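One structure is given here, and the rest of the page talks about it.
Numbering of ligands and ligand atoms starts at 1, following listing order. Values in this document were obtained by computation on a predicted structure and should not be read as measured data.
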Amino acid sequence: MVKILRNVYSIDHSEAKNHSMESWILDCSEGVILIDGGMTPQHVENIENELKSINKNWSDVVDILVTHKHGDHINNLPKLVDLTNAPVKSHKLEAPLIKSAVGVEVEGLEDHTVLNYCGGIELIHVPGHSEGNCCYYLKEHKAMIAGDTIFGDENCNLSPPPERYCLDVDQAKDEIKKLMDYDFDVLIYTHGKDIMDNAKAKVKELI
Ligand SMILES: [Zn+2]
């Protein structure tokens with residue numbers, strides 16, 4: 001468990017503890033938000049331990065946000081919905097795909113929807129990795145939660161998502177430019193070590 005920003009916690013699910021698999025908890029004054037849920041029972045346990053460590057429990061979770069439909073982000077959703085009773089939300093193109101994959105109701109959100117938690121969380125549609133792949137921008141923290149929009153390694157070297165995992169790798173690469181419209185210092189992403197300063201410049205270099 002790592003507190004990476006005020007009210008933002010990154011859970012490193014990787015067994016090697018090299019940040020090759022993360023999900024996140026936001027402890028907002030409006031309630032706890034879970035972003036992506038992992039895929040194994042161990043990941044559920046990791047999330048539970050994280051909640052306990054900040055004196056919260058499953059019933060404090062008010063929303064489950066999902067970046068995209070791939071199994072390592074959604075396979076635990078039925079269990080997590082059972083535990084929290086919280087609604088699951090994603091971009092509108094991804095919602096029916098997630099529902100058909102794991103059988104939970106998913107509310108589809110429009111591009112640029114701002115959720116009123118933690119000073120505003122904006123959904124940014126960045127297709128290519130999957131149809132409705134998205135990032136969540138934390139305005140107050142100047143932080144971009146990029147999910148699989150960008151990959152990296154334990155030394156913060158960034159790369160586009162690998163072709164074998166992408167619906168359309170050219171589109172996935174091209175759409176990363178969309179992040180340049182936002183002011184962010186911190187880049188939080190699933191597969192690689194989060195970048196805690198000067199992140200926008202590093203993403204610009206990648207583009
Ligand atoms: Zn993915």
Please check if the side chain of [X] supplies one atom and the backbone of [Y] the other of a donor-acceptor pair under 3.5 Å.
{"X": "H141", "Y": "R6", "result": "yes"}
{"X": "K200", "Y": "Y182", "result": "yes"}
{"X": "T84", "Y": "L80", "result": "yes"}

The Zn ion (ligand 1) to nearest N/O/S of H73 less than 2.8 Å
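Coordinating: no.
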
With the Zn ion (ligand 1) as the reference point, give the N/O/S atom of D148 that is nearest.
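Per the distance ranking, D148 contributes OD2 as its closest N/O/S atom to the Zn ion (ligand 1).
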
Run the ring-centre check on H68 versus H91 and record whether the distance is less than 6.0 Å.
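No; H91 has its ring centre 6.0 Å or more from that of H68.
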
For the metal site, I want the angle between atom ND1 of H70 and atom NE2 of H129 with the Zn ion (ligand 1) at the apex, to 10°.
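Output for this angle: 90°, rounded to tens.
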
